[in-house]
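Have a look at the structure below before the remarks.
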Amino acid sequence: MLDIKLLQNNFEEISTKLRKKRVDETLLEELKEISIELKERKKILEELQAEQNKKSKMFGVYAKEGKDINELKAELSKNKEEIAKANEIVKELEDKLTKIASTIPNIPDESVPDGEDEEDNIELEKILTPPSFDFTPKEHWDLAESNGWLDFKRGVKLSKSRFTVIRHDGAKLARALINYMIKFNEDRGFKEVMVPYIANRETLVGTGQLPKFEDDLFKIEDEDLFLIPTAEVPLTNLFNDEILSQDELPIKLTSYTECFRKEAGSAGRDTRGMIRQHQFSKVELVAISEPKDSEKVFNEMVDCASDLLKSLGLAHRKVLLCGGDLGFSAAKTIDLEVWLPGQGKYREISSISNTFDFQARRAKIRYKDGKKNRLVHTLNGSSLAVGRCMIAIMENYQQRDGSIKIPKVLEPYM
RNA sequence: CGGGAGAUGGCAGAGCGGUUGAAUGCACUGGUCUUGAAAACCAGCGAGGGUCACACCUCCGGGAGUUCGAAUCUCCCUCUCCCGGCCA
């Protein structure tokens, strides 16, 4: 959630920054006006309430002294009606305010470059050189089928398109990757957690998926529950409405979950193979930190994911997302894109974001700073998406005969 | 899914419809005492909004209602616990 006070006081600055995210400026203008009116109306209401409270207390005194209370009663009846009226106005304004405010994305950090879409993202660094082949490398769907690792047809039969069955050594590799990643993350101070895959509305609002992006989520029929689109949702909301003590920060967590996304709006993209699925495995990193440390923790997370790829021998690059490509909750995001020889392209395999206090404000996650309660910063990032990592291994470790070598570090986990 | 009990501050646990945002205990923080610690004693100690700071407003699971006044009364919802059914 946007800091409304910040918007009131620094309107020009905030709206300029939000232009990077293509936020309708009239909406911001409206938000500001509502918030100012709300403040005034609230003051009126509170004054009426104060009077009501004060005079109501007199009843006890009057009763003791045996005084007549009828006049007082009539006065308060009237006041009560005014309170009801004032209250209605305030509630209406509050509703409007939260409705608008909850759909406004986070403000991009200063370091975020201007830009429309992924074309304008900035490559920060290349790690490892892509392997060369003395034959034409295949795409992962060919390799997966010839090795019997993936069964696309039967996945569709069981559910629908964008669902896949993973088999044999493919399934083993997936499990190995999960265990390897978690171990890797634990060695860097991230504690493992297992969480529910189904979350309620409040939880999804806390991290920003709701109310705006309900169409992207699988909803449980007749329940106000949703399948999680990422472990970020339950992990961050572990601390929903909590006040953490300073010395337990930063909290660093890692978790393997399945993720579920409707992929509404991506019709026709990556329909072949396993790049874009409705269900996929992912090992996630989440951190809760003091504001002053979040940049440092952010870099740790980027390094953690990048070093993990490096340890698997996978060439990749770090990309700083431009304003137009930033997600709703993110103030700053670095993507890791892995080299896929079959496609001859770098493709996203990890995305690490710092949301600053945006999610913390929504989810009411605070910490005690001396006597004051302050909002924490929340960060999240894929350790790696398991499916895409498998694709990368298939394509990068393919042999002339179509077989696939397993990276050395994974052998103990197979 | 059926039957019963309950939901109050970090925890435990009081609370007659009237100056109760809430007794008490524990925990915690500061102080006195002590060589130091413990004990004892004194003081402070929920959250959100508001204010330069006060004042003031809201919050006793959530929502609606009765009342001049609700933690206390009524209705609905949610959750928790116990018993039974089902089950990894």
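The chains referred to below are lettered A, B, ... by the order of the sequence lines, with proteins before strands, and numbering in each begins at 1. What you see below is based on every heavy atom in this structure, not just the backbone, and it leaves out hydrogens, waters and symmetry mates.
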Between protein and nucleotides 71-74 of chain B, what N or O pairs are separated by less than 3.5 Å?
none

**OP:** For A:F152, enumerate each residue passing the ring-ring contact (aromatic ring centres under 6.0 Å, His included) test, keeping only those at least two apart in sequence or located in another chain.
**Re:** none
Original post:
A:E186: what forms a salt bridge (Lys or Arg N to Asp or Glu O under 4.0 Å) with it, not counting sequence neighbours?
Top reply: none
Subject >> Separation between the C1' atoms of B:U66 and B:A70, rounded to whole Å >> reply: 10 Å
**OP:** Apply salt bridge (Lys or Arg N to Asp or Glu O under 4.0 Å) to A:E337 and list each qualifying residue two or more places apart in sequence or on a separate chain.
**Re:** A:R317
Original post:
Does any residue of residues 84-98 of chain A have a heavy atom under 4.0 Å from RNA chain B, and if so, which ones, in number order?
Top reply: A:K91
**OP:** Not counting sequence neighbours, list each pair that qualifies as a side-chain hydrogen bond (donor to acceptor under 3.5 Å, both in side chains) and has a residue in residues 215-224 of chain A.
**Re:** A:R201-A:D224
Original post:
Under 4.0 Å: is that the gap between some side-chain N or O of A:K80 and OP1 or OP2 of B:G69?
Top reply: yes
If you look only at distance, which donor and acceptor atoms sit under 3.5 Å apart when one is on a side chain in residues 235-244 of chain A and the other is two or more places apart or in another chain?
unit_1	atom_1	unit_2	atom_2	d
A:T236	OG1	A:E232	O	2.8
A:N237	OD1	A:N240	ND2	3.0
A:N237	ND2	A:T203	O	2.7
A:N237	ND2	A:T207	OG1	3.4
A:N237	ND2	A:V233	O	2.9
A:D241	OD1	A:R366	NH2	3.3

**OP:** At under 4.0 Å between heavy atoms, which parts of nucleotides 50-57 of chain B does protein reach? Answer with one letter per nucleotide, 5' to 3': B base, S sugar-phosphate only, - none.
**Re:** SS----SB
Original post:
Can you tell which of B:A47, B:U19, B:C68 lies closest to the side chain of A:R366?
Top reply: B:A47
**OP:** Pick the C1' atom in B:A53 and in B:G13, then give their distance to the nearest Å.
**Re:** 36 Å
**OP:** Starting from the 5' end of RNA chain B, give me the residue, A:N373 or A:Q52, whose nearest nucleotide shows up first.
**Re:** A:N373
Original post:
Hey, is the side chain of A:K368 poking within less than 4.0 Å of OP1 or OP2 on B:A47, counting only N and O atoms?
Top reply: yes
**OP:** Can you tell me, in whole Å, how much space there is between the P of B:U78 and that of B:A88?
**Re:** 28 Å
**OP:** If a pair satisfies ring pair (Phe, Tyr, Trp, His ring centres under 6.0 Å) and one of its residues is in residues 359-397 of chain A, list it, with sequence neighbours excluded.
**Re:** A:F356-A:H377
**OP:** Would you please name every residue forming a salt bridge (Lys or Arg N to Asp or Glu O under 4.0 Å) with A:K368, sequence neighbours left out?
**Re:** none
Could you pull out all donor-acceptor pairs under 3.5 Å where a side-chain atom in residues 162-179 of chain A meets a protein atom, sequence neighbours excluded?
unit_1	atom_1	unit_2	atom_2	d
A:R162	NH1	A:R269	O	3.3
A:R162	NH1	A:D270	O	3.4
A:R162	NH1	A:R276	O	3.1
A:R162	NH2	A:S266	O	3.0
A:R162	NH2	A:R269	O	3.2
A:T164	OG1	A:Q277	OE1	2.7
A:R167	NE	A:G148	O	3.4
A:N179	ND2	A:R175	O	3.4

Subject >> Pairs flagged by ring pair (Phe, Tyr, Trp, His ring centres under 6.0 Å) wherever residues 199-222 of chain A is involved - sequence neighbours left out >> reply: A:F213-A:F328, A:F218-A:H278
